[in-house]
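What's counted below: heavy atoms across the whole structure, side chains too, no hydrogens, waters or symmetry copies. Sequence lines set the chain letters: A, B, ... in the order given, protein chains first and strands last, and positions in each chain run from 1.
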2 protein chains.
Amino acid sequence: MADAQSIKAFRFAVVAIDAVCFCIIDGQLNVLLGKVNVKPFYKDRWGLIGGIVLPEEDADQAVERHLHDKAGLEGVYKEQLYTFSTIKRDPRNRVISVAYLCLTPEPLGDRAGAVETEWRPVRSISDLAYDHDEILKAAVERLQSRIGYTNIAQYLLPKEFTLTDLQKTYEIILDRTLDKRNFRKKVSDAQLVRATQKKVRAGASRPALLYRFVSKQPAVIEIL
Amino acid sequence: MADAQSIKAFRFAVVAIDAVCFCIIDGQLNVLLGKVNVKPFYKDRWGLIGGIVLPEEDADQAVERHLHDKAGLEGVYKEQLYTFSTIKRDPRNRVISVAYLCLTPEPLGDRAGAVETEWRPVRSISDLAYDHDEILKAAVERLQSRIGYTNIAQYLLPKEFTLTDLQKTYEIILDRTLDKRNFRKKVSDAQLVRATQKKVRAGASRPALLYRFVSKQPAVIEIL
DNA sequence: GCAAAAGTGTTAAACCTACACCCATGT
DNA sequence: ACATGGGTGTAGGTTTAACACTTTTGC
């Protein structure tokens, strides 16, 4: 480590965060985007929600603040994804960005924030600003991987949900269909969820039992 | 993102890297440590090898440079582990550190560098400087996890090795014994390695075939 | 009574685990 | 000939994947 006197020379970079915030809307995996207007470089492009880390906060707190201020989102699940540090990733300044994978059950607050935001289906997205296509790809892969051995699907669902809802969540994220009986067996064996007493009627069909996740904390459990 | 004029106020942090560099020595998982002397805070403590990221390099390159300059190590395998950003993790300055998991087959160069370094068995280590105990713990867990579904064990072994060498590597990292026949079956099914024509004699016993990894690139393959 | 989604078991194949002996060499 | 580590197969249990019908409700 360098001397205190010379340390200023090493403060050449801005540290930022970028949040890849997912939500399932109308049976599709959506991601929250914000308008990017950076004069000579990006005109009216879309990009991830992100921003600078401040002296009085760590990266996790910066994610919460930016999601709140820019998109009106609060209390989302978040986990660190990867840190992107290539030199020219921001054409104006050296910006090192800690990317986060975020999940929310409801696309709330997308107009309460300070930035023009929009939820967009992941599979329709390309040409994001900066290196955000790459960050998004990494986030999708991470989500697909982690849903198989953790209980993070809960952060995409309401507190109570049917097993069909849960299965659809898995199918949307993994982009393939799953067998209903095998899925229920695995979920049951893993003790991922427990049934409530409540049932929900949806149109002209047999009511479904509502379930809740057993653990509210992120946990590692073999599921699929 | 902020205006170019105000950007300097956001350059309050130093971005650094910390390398958790593993090597198997005498049947034990060892990690490379360096002496830390930071006047009022750390007297003669051990810590991970690390240092500042410079304007003309990204984090990966910074890892290579610091391992080379401080410990004389070159060409090690590295993968990003996690970014540590808590405010007081360095008592002197705000330092945000991108931690890396590094692997090397040989404990070379530990005296060619600019810092006093030492390879130390992981299970004997505690009380490292900064938050390096936490970083080391995360690295061990990541290594244990990744060795089960990738081919990264190759970066801890010489180019040619016996299946017994390979199995010992797994056992040391996982800290448990494995069944010889089952291990060989899995390694063979996964097409992780291929036999050479060479055999190696080691004392008074049957010579063992030498193997090489099939792919030199990091790859995801189910193994254990 | 019919349309719509919920819920439930079985079977065959694949996989995993535990386990013991013969082989090739050096001394 | 014996000590040393190298190399190999099988059987039982477990897990996975594929598969179809009955139940409960609204209309």
Side-chain angles (χ1 to χ4, degrees), chain A residues 24 26-27 144-145 147-149 153 157-158 160-213 220-224, chain B residues 24 26-27 144-145 147-149 153 157-172 174-213 220-224:
Chain A
I24 288 171
D26 295 332
Q144 289 180 329
S145 156
I147 204 173
Y149 65 94
L157 285 161
E160 303 193 333
F161 50 87
T162 67
L163 290 183
T164 300
D165 294 338
L166 181 62
Q167 181 175 343
K168 276 194 190 131
T169 299
Y170 273 78
E171 289 179 337
I172 291 161
I173 289 169
L174 297 174
D175 202 22
R176 64 189 170 95
T177 58
L178 299 171
D179 179 88
K180 180 158 58 152
R181 279 169 291 189
N182 294 338
F183 180 79
R184 284 165 186 238
K185 215 176 308 169
K186 282 175 185 163
V187 161
S188 156
D189 289 352
Q191 293 188 266
L192 189 66
V193 297
R194 61 158 216 279
T196 64
Q197 304 308 315
K198 295 169 228 167
K199 292 186 183 189
V200 67
R201 273 168 294 275
S205 80
R206 175 172 174 175
L209 258 179
L210 285 171
Y211 286 75
R212 286 168 181 256
F213 273 83
V220 172
I221 309 176
E222 207 58 42
I223 301 158
L224 294 193
Chain B
I24 289 171
D26 295 332
Q144 289 181 329
S145 155
I147 205 174
Y149 65 92
L157 286 160
K159 276 202 194 70
E160 305 195 330
F161 50 86
T162 68
L163 291 182
T164 302
D165 294 338
L166 181 62
Q167 182 177 343
K168 276 194 190 131
T169 299
Y170 273 79
E171 290 179 335
I172 291 161
L174 297 174
D175 202 21
R176 66 189 168 96
T177 58
L178 299 170
D179 179 87
K180 181 161 55 155
R181 276 170 292 190
N182 294 339
F183 180 79
R184 285 166 184 238
K185 214 177 308 168
K186 282 174 185 163
V187 162
S188 156
D189 290 351
Q191 294 186 266
L192 189 65
V193 297
R194 63 160 214 279
T196 65
Q197 305 307 315
K198 295 170 229 166
K199 294 187 183 188
V200 67
R201 274 168 293 276
S205 81
R206 174 174 177 174
L209 260 178
L210 285 172
Y211 286 76
R212 286 169 181 257
F213 274 83
V220 171
I221 308 177
E222 208 59 43
I223 301 159
L224 293 194

Should [X] and [Y] count as side-chain neighbours, where that means a heavy-atom distance under 4.5 Å?
| X | Y | result |
| --- | --- | --- |
| A:Lys168 | A:Thr164 | yes |
| B:Phe183 | B:Leu166 | yes |
| B:Val193 | B:Phe161 | yes |

Expressed in angstrom and rounded to an integer, what is the separation of [X] atom [atom1] from [N] atom [atom2]?
| X | N | atom1 | atom2 | result |
| --- | --- | --- | --- | --- |
| A:Arg184 | D:dA18 | CZ | C1' | 17 Å |
| A:Leu166 | C:dA6 | CG | C1' | 15 Å |
| B:Asp165 | D:dG5 | CG | P | 13 Å |
| B:Glu222 | D:dT15 | CD | C1' | 14 Å |
| B:Phe183 | D:dT8 | CZ | P | 14 Å |
| B:Leu209 | D:dT8 | CG | C1' | 13 Å |

Scan the side chains in residues 194-204 of chain B for donor-acceptor partners under 3.5 Å anywhere in the protein, sequence neighbours excluded, and list what turns up.
from	atom 1	to	atom 2	distance (Å)
B:Thr196	OG1	B:Lys198	N	3.2
B:Thr196	OG1	B:Leu210	O	2.8
B:Lys198	NZ	B:Glu160	OE1	3.0
B:Lys198	NZ	B:Glu160	OE2	2.9

Q. Base, sugar-phosphate alone, or nothing: which one does B:Thr164 contact when heavy atoms must sit under 4.0 Å apart?
A. sugar-phosphate

Q) If you look at every strand shown and take non-hydrogen atoms under 4.0 Å, does A:Leu163 touch a base, only sugar-phosphate, or nothing? A) nothing

Q. Do the side chain of A:Asp165 and the main chain of A:Thr162 share a donor and acceptor less than 3.5 angstrom apart?
A. yes

Q. Among residues 198-206 of chain A, which contact DNA chain D at a heavy-atom distance under 4.0 Å?
A. A:Arg201, A:Gly203, A:Ala204, A:Ser205, A:Arg206

Q. Could you write nucleotides 10-20 of chain C as a row of B, S and -, 5' to 3', where a protein heavy atom under 4.0 Å of any base atom gives B, of only sugar-phosphate atoms gives S, and otherwise -?
A. B------BBBB

**Q.** Under the side-chain contact (heavy atoms from CB on, under 4.5 Å) test, residues paired with B:Gln144 that sit two or more places apart
**A.** B:Arg123, B:Val140, B:Ile173, B:Leu174

Q. For A:Asp179, what residues pass the side-chain contact (heavy atoms from CB on, under 4.5 Å) criterion, not counting sequence neighbours?
A. A:Arg181, A:Asn182

Q | Interatomic spacing from CG in A:Leu192 to CD1 in A:Ile223 - rounded to 0.5 Å | A | 4.5 Å

Q: Could you list all the ring-ring contact (aromatic ring centres under 6.0 Å, His included) pairs where at least one residue sits in residues 189-209 of chain A, not counting sequence neighbours?
A: none

